[in-house]
2 protein chains.
Amino acid sequence: MTFDRIDLKILDILQHDATVPVARIADQVGLSQTPCWKRIQKHEETGVIRARVALLDPQAIGLSLTVFVMVEAVAHTTQWRAEFLCVVDTLGPVRDVYRLAGGHDFMLRVVVPDMAAFDRFYKDLTARIRLRSMNSVFALETMRTTTALPLGDLMAG
Amino acid sequence: MTFDRIDLKILDILQHDATVPVARIADQVGLSQTPCWKRIQKHEETGVIRARVALLDPQAIGLSLTVFVMVEAVAHTTQWRAEFLCVVDTLGPVRDVYRLAGGHDFMLRVVVPDMAAFDRFYKDLTARIRLRSMNSVFALETMRTTTALPLGDLMAG
DNA sequence: GCTGAAAATACTAATAC
DNA sequence: GTATTAGTATTTTCAGC
């Protein structure tokens, strides 16, 4: 898979605002509507565009607490990883799961309404699987956040 | 601002797939098209729906390295925070900026193509602002990730 | 690969109930 | 809140260059 400047520009527009009509995208990238539409279609089929979603305001909905949970595994085995993943999948507040290099094995991004809800999550997690260690880092403020990928750096380089 | 079950259901559908037509959403929440459309419209105006975006596959585009950068501030002042935020805003690979409780002051989520690009980012950051400490945690694997908020927990509780 | 135009679908707004 | 309507915009397909 390879992307030319036009592809990257199309993707960059859509990852910032997916409501822009194809006609205007075509205009901005210097293409007519049909070929522009076909490129977008291709990107959807090949999975480069994974989804089109609405982003909600966590504060407005009352989900104002973000916590990063650093976890150490009891055993470094495929089986333990599978079980761990299975457990966190059943826990509603878990948004992201990363496997890490270094001291900690995993990091979870957890979103809850308040500290009480986080405590329930904490008890749920520790009840369902044994962990070597668990270290919670609380976010006081989300200063910036974006789902868009840095395509600009690719176009320049 | 208060949301009933219907509002939450509408938002939950849209945050997973924003391409679902209003007619089908109305169907699923047990409303006719007009009031359903008006609710969505209201949520867009009040900012509950912040944006509709396309989510791209980082691997497919060659942005396969995610790094979490933990930063300690040199000074705990409003001015230093503003300067720090200003600097990271100019650095392309920075996706998220969180202010943290505890030992580290900030965490950045950084997305780059490879280690060489991360090294460039590292040099850029440290050249533009003085930090007390900087600790990079590399993600070996993104096991799960979602932009959707856990609304199910709210509907149950 | 491109252009242009037609068809199908969805959105938006207004109506009366 | 529902049902219906109509006008507009967008998406999607189908020709031909």
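What you see below is based on every heavy atom in this structure, not just the backbone, and it leaves out hydrogens, waters and symmetry mates.
- For the contact set between residues 6-21 of chain B and DNA chain C, defined by any heavy atom under 4.0 Å, the members are B:Pro21.
- Distance alone, capped at 3.5 Å, places no donor-acceptor pair between the A:Gln33 side chain and the A:Val22 backbone.
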Enumerate donor-acceptor pairs with a distance under 3.5 Å from any side-chain N or O in residues 133-141 of chain A to protein atoms, sequence neighbours excluded.
{"residue": "A:Ser133", "atom": "OG", "partner": "A:Glu72", "partner atom": "OE1", "Å": "2.7"}
{"residue": "A:Glu141", "atom": "OE1", "partner": "B:Arg99", "partner atom": "NE", "Å": "2.8"}
{"residue": "A:Glu141", "atom": "OE1", "partner": "B:Arg99", "partner atom": "NH2", "Å": "3.2"}

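- B:Thr142 places no side-chain N or O within 3.5 Å of a backbone atom of B:Arg144 that could act as its donor or acceptor partner.
- In this view, B:Asp57 satisfies the salt bridge (charged side-chain N to carboxylate O under 4.0 Å, His left out) rule with no residue, not counting sequence neighbours.
- With no hydrogens or angles considered, no side-chain donor-acceptor pair links A:Thr66 and A:Arg95 at under 3.5 Å.
- Nucleotides of DNA chain D with any atom under 4.0 Å from a heavy atom of chain B span, from 5' to 3', D:dG1 to D:dT4.
- Taking CD of B:Glu45 as the start and CD1 of B:Ile40 as the end, the distance is 12.5 Å to the nearest 0.5 Å.
- Looking at heavy-atom distances under 4.0 Å, B:Arg24 makes no contact with the nucleic acid at all.
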Pairs: protein N or O with nucleotides 12-17 of chain C N or O, under 3.5 Å:
{"residue": "C:dT12", "atom": "OP2", "partner": "B:Trp37", "partner atom": "NE1", "Å": "2.7"}

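- With a 6.0 Å radius and a threshold of 12 heavy atoms from other residues, nucleotides or ligands, B:Arg130 has its CZ atom at or below the threshold.
- When atom types are taken as modelled, the side chain of A:Asp96 and the backbone of B:Thr146 share a donor-acceptor pair closer than 3.5 angstrom.
- The list of side-chain hydrogen bond (donor to acceptor under 3.5 Å, both in side chains) pairs with a residue in residues 110-122 of chain A, not counting sequence neighbours, reads A:Asp119-A:Lys123.
- With ring centers used as reference points, A:Phe106 lies 6.0 Å or more from A:Tyr98.
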